[in-house]
Amino acid sequence: MRWRKGWPRCAGWRQIEAARDALGMSVVHYEGALLLAVFGDIDGALEFCSAGLEHLGGAGERQFYGSTLMVRGVILWLAGRHEQRAAPLRRALEAVGEIGGVLVAALCCLGLAWHAARQERHARAAWLLGYAESARRLSGDPVAMLPSLLEEQEAAQKAVRIALGGEEFERWHGVGARMSGTAILEAVRADADVSPAARLPGARNGGGGGELTPREREVAALVAQGLSNREVAERLVISKRTADTHVEHILTTLDVTSRTEIAAALQR
């Protein structure tokens with residue numbers, strides 16, 4: 001709304017107009033970035049994101065700030081810069097978590113699920129996918145706007161389902177679908193592999209008091225050395241899926257949520 005002749009100007013009118021214009025430009029930047037990405041101009045899209053973030057500065061507007069970071073993370077993924085794009089997605093999730101931005105949070109989790117799948121953290125990928133897909137159904141779904149996003153989603157979901165097996169995938173996917181935005185944010189902050197919202201049936205929560213089987217202790221020792229699940233499988237001559245299952249059981253038995261906590265838990 002513009003000031004018209006004859007209207008009284010309040011003391012903060014200029015600040016109000018400046019803030020409105022800044023927010024309007026923020027929408028232009030992240031929506032423009034998406035449009036450029038649709039037409040394949042990845043570099044131009046990233047430039048638009050950078051301009052948008054610079055334009056927002058320290059304004060404190062979390063919705064547009066989070067939206068722009070989310071778009072930047074997704075575009076970095078499409079550009080093949082997989083390791084660079086996790087950070088802006090986490091920052092975006094933090095930003096919109098403060099205001100309950102469900103759709104942006106869902107798209108952040110979708111991108112983080114792809115990242116987890118690439119790292120072969122399949123249980124994490126499954127519950128992130130579950131939350132993302134459930135939230136998008138509730139708030140609208142822009143993924144179809146970018147065919148490459150839809151292809152990525154389908155490819156990641158197929159890979160995670162194969163790695164976990166259909167039953168395990170559906171269980172972890174269901175866990176994510178039932179999680180709140182606050183629970184998702186806490187799990188992402190903790191870099192959790194197993195969602196704190198659920199444990200495997202029959203799991204023991206003993207703060208490190210549960211007993212591992214001899215094979216699980218072998219697996220835990222290798223994970224504590226920094227080996228991936230695939231490397232554990234190769235070292236012990238077992239299948240990748242078996243290694244995944246062992247790691248999930250270890251996390252729940254030791255009552256930790258991230259593989260990086262296993263080494264410390266073994267010392268308790």
Side-chain angles (χ1 to χ4, degrees), residues 82-83 85-87 89-90 93-94 108-109 111-132 156 159-165 167-176 178-179 182-268:
H82 301 139
E83 297 308 316
R85 72 105 176 87
L89 290 175
R90 290 192 187 98
L93 190 60
E94 288 279 354
C108 289
C109 288
L112 291 171
W114 301 340
H115 189 61
R118 185 177 177 83
Q119 294 178 316
E120 299 183 350
R121 299 171 68 180
H122 294 120
R124 174 182 172 86
W127 54 259
L128 283 167
L129 284 169
Y131 175 81
V160 173
R161 181 182 288 276
I162 290 172
L164 289 176
E167 185 176 345
E168 280 292 279
F169 174 82
E170 292 298 337
R171 190 172 65 79
W172 284 115
H173 191 275
V175 166
R178 293 187 296 272
M179 288 175 73
T182 299
I184 278 288
L185 180 57
E186 290 175 355
V188 170
R189 280 174 177 163
D191 196 31
D193 286 292
V194 175
S195 164
R199 297 296 191 198
L200 292 169
R204 296 157 291 186
N205 292 329
E211 295 182 3
L212 300 176
T213 67
R215 175 59 98 184
E216 286 172 348
R217 286 202 164 274
E218 284 185 277
V219 172
L222 293 174
V223 170
Q225 294 172 31
L227 274 66
S228 69
N229 289 7
R230 185 172 298 282
E231 290 169 331
V232 169
E234 292 172 354
R235 182 76 64 88
L236 298 179
V237 196
I238 58 178
S239 72
K240 170 67 170 48
R241 184 179 296 180
T242 298
D244 291 340
T245 301
H246 281 317
V247 171
E248 289 175 26
H249 287 176
I250 290 163
L251 290 168
T252 55
T253 300
L254 295 179
D255 196 28
V256 297
T257 59
S258 174
R259 62 193 298 118
T260 58
E261 301 175 79
I262 289 176
L266 289 174
Q267 302 303 315
R268 292 199 296 247

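In this chain, residues are counted from 1 in sequence order.
Judged as a side chain to side chain contact (heavy atoms under 4.5 Å, CB included), and not counting sequence neighbours, the contacts of Ala126 are Val160, Leu164, Phe169, Trp172. By the side chain to side chain donor-acceptor pair (under 3.5 Å) test, Glu234 pairs with no residue at all, sequence neighbours left out. Under the rule for a salt bridge (charged side-chain N to carboxylate O under 4.0 Å, His left out), the partners of Glu170 that lie at least two apart in sequence or sit in another chain are Arg161. By the salt bridge (charged side-chain N to carboxylate O under 4.0 Å, His left out) test, Arg189 pairs with Glu94, sequence neighbours left out. Scored by the side chain to side chain contact (heavy atoms under 4.5 Å, CB included) test, Ile162 finds Lys158 as partners (sequence neighbours excluded). Thr182 pairs by the side chain to side chain donor-acceptor pair (under 3.5 Å) definition with nothing, not counting sequence neighbours.
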Checklist entry - Does the side chain to side chain contact (heavy atoms under 4.5 Å, CB included) test come out yes or no for Leu254 and Leu212, once each step is laid out? => result CA-CA 8 Å; Leu254 295 179; Leu212 300 176; 4.3 Å; yes

Next on the checklist: Applying side chain to side chain contact (heavy atoms under 4.5 Å, CB included) to Glu120 and His122, what does each step give before you reach the verdict?
Outcome noted: CA-CA 5 Å; Glu120 299 183 350; His122 294 120; 3.8 Å; yes

Checklist entry - Can you list the steps and then say if Glu168 with Asp244 is a side chain to side chain contact (heavy atoms under 4.5 Å, CB included)? => result CA-CA 11 Å; Glu168 280 292 279; Asp244 291 340; over 6 Å; no

Checklist entry - Between Leu236 and Leu222, does a side chain to side chain contact (heavy atoms under 4.5 Å, CB included) hold up when you go through it step by step? => result CA-CA 10 Å; Leu236 298 179; Leu222 293 174; 3.8 Å; yes

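Put simply, CD on Gln225 and CD1 on Ile262 are 12.0 Å apart, with the number rounded to the nearest 0.5 Å. We find the SG-OH distance between Cys108 and Tyr131 to be 9.5 Å, quoted to the nearest 0.5 Å. Atom-to-atom distance recorded for Ser228:OG and Arg121:CZ is 12.0 Å, nearest 0.5 angstrom. Taking CG of Leu112 as the reference point, atom CG of Leu89 lies at 5.0 Å (rounded to 0.5 Å). The distance from atom CG of Asn229 to atom CD of Gln119, rounded to the nearest 0.5 Å, is 11.0 Å. For the atom pair Ile250 CD1 and Arg215 CZ, the distance stands at 10.5 Å (nearest 0.5 Å).
Taking both residues in full, the closest heavy atoms of Arg124 and Ala192 are given as NH1-O, 2.6 Å, listed atom of the first, atom of the second, then distance. When all heavy atoms are compared, the tightest approach of Leu128 to Ala113 is CB-CB, 3.7 Å. Here the closest non-hydrogen pair linking Ala233 and Ala243 is CB-CB, 4.0 Å. Across all their heavy atoms, Ala187 and Met179 have their closest contact at CB-CE, 4.3 Å. The shortest heavy-atom contact between Leu266 and Ala224 is CD1-CB, 4.4 Å.
Taking the charged nitrogens against the carboxylate oxygens, Asp193 and Arg259 have no contact shorter than 4.0 Å, which rules out a salt bridge.
Residues Val232 and His246 fail the side-chain proximity criterion, which asks for heavy atoms closer than 4.5 Å.
Between the Ser258 side chain and the Glu261 main chain, no donor and acceptor come within less than 3.5 Å of each other.
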